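This report concerns only the one structure given below.
This one's a predicted model, so the numbers in the text were calculated from it and none came from an experiment.
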Amino acid sequence: MVKKMYILYDDISFFLFITLIIISILMYSMAPYINNKIDCFFVFIISIVFICLCFYKNGLGVDELSYLNAYKLYEYRDFKWGLGFYLLYGALHFLGVNNEYFNVSMQICYLIVALLMVVIFVKKDIKSLCLLYVLFTYWAIDFEFNLYRQGFASLFILMAILSYKRSWKNCSYFLFIVAISFHWSSCLIFIIFLLSIFSKQLPYKKILIFINIIIVLMFLHKFGIFEKIVYFISGLSFDSSFIKAVNDYYLLSKSKDMSIYDMSFFGRLPLVIMILSFSFISSVIYKKNNFILFIFIYCLLFLEMPYSFRNLYWLFILYPILISDFRDFKSNTSTIRIFTIFYILIQIPLYFFSGIIPLILT
């Protein structure tokens, strides 16, 4: 079914889009003069825009209602999500947050964690640029106003990777554990991260070109890779009730109708744009990077599964890592200007194709 582009007729969403473009252009223009004060100023402006969006929105994302209902019935024995998420619920209850303000409170908590990430772990002069990618992108909007658990997990994964790059290994492992406590699939990213550390480095560009060709072809045609994985996993004997539940939900249930092949061409197009954009900029930065390659392979193998676009989010969240690594061999000016151009490019999918923006603003 073709999703109607309600967003084209909504003045508020258009105003948000234009505001983000103006901020991007200002950051591009100020790049030669960037310093800590200017960077902090943009961090402040971006945060204010996000807070305004949180308090102005008059609707809820698809999963937000489920999270709200769980908050109303908050009990550990009935809580079906991770310990980290349970503790966050408990903190909001302890602070006396009313049901009416639960969803906004979750988004403010997301903002607080995002600010902690950029202040503590991101290098100076690119903090605002990273925050822009963390708060206002196609995948970030889905995290903030729909997929709360994966959103919080993604922030802790980013902090874990940035910690490891600074040789804060114990801190990195701890943050990965925190991420897993919010969303179980973070465990897969942690395993991929460990594999990338201890495996022989592979030629990045050659393999990435091959992977991108396969992914684009898979967006056009279903090859049945996922069915073979389902057949293999279904033949195994699971003792774990958790693994069985994940298997039943993602592999065997009616959620199988929620694959990319149920999307229209314009539903798949933004994902292709974002994959190719990420691939291009990462190929400029890296000659070898097993971690990103392994995540690409993970996304490829499970591209046909239900909600596979959420697997792709694990790739897209790495933009702050790309920004940080790019800055290591380029000037602040070049880094900011190149990534603001890329940011404007990926605003096109957010504005024209987002399924969440119309829900929360119209």
(message) Tell me if the aromatic rings of Phe193 and Phe176 count as close, with their centers under 6.0 Å from one another.
(response) yes
(message) Evaluate Tyr319 against Trp139 for side chain to side chain contact (heavy atoms under 4.5 Å, CB included), listing each step before the verdict.
(response) CA-CA 11 Å; Tyr319 264 106; Trp139 56 94; 3.7 Å; yes
(request) Decide whether a cation-pi geometry holds between Arg149 and Phe182; the criteria are a distance under 6.0 Å from NZ or CZ to the six-membered ring centre and an angle within 45° of the ring axis. (result) no
(request) Please find out if less than 6.0 Å separates the ring center of His183 from that of Phe152. (result) no
(message) Other residues, nucleotides and ligands only: do more than 12 of their heavy atoms fall within 6.0 Å of CG on Asn170?
(response) no
(request) For the pair Phe339 and Phe326, name the ring-plane relationship: parallel under 30°, tilted 30 to 60°, perpendicular over 60°. (result) perpendicular
(request) Keeping the roles fixed (side chain from Gln107, backbone from Glu144), state whether a donor-acceptor pair exists under 3.5 Å. (result) yes
(message) Under the criterion salt bridge (charged side-chain N to carboxylate O under 4.0 Å, His left out), I'd like the reasoning laid out for Arg310 against Asp142: C-alpha separation, chi angles, the key distance, then a yes or no.
(response) CA-CA 9 Å; Arg310 295 181 181 179; Asp142 208 1; 5.3 Å; no
(request) Would you please indicate if the ring centroids of Tyr148 and Phe143 are separated by under 6.0 Å? (result) no
(request) Verify the ring-centre separation between Phe302 and Tyr298: is it less than 6.0 angstrom? (result) yes
(message) Please tell me whether Phe316 and Tyr133 form a close aromatic pair, meaning their ring centres lie under 6.0 Å apart.
(response) no
(request) Without swapping roles, check the side chain of Thr340 against the backbone of Ile336 for a donor-acceptor pair under 3.5 Å. (result) yes
(request) Decide if the gap between the ring center of Tyr71 and the ring center of Tyr67 is smaller than 6.0 angstrom. (result) no
(request) Work out which heavy atom in Phe55 is nearest to a heavy atom in Ile108; give both atom names and the distance. (result) CE1-CD1, 4.3 Å
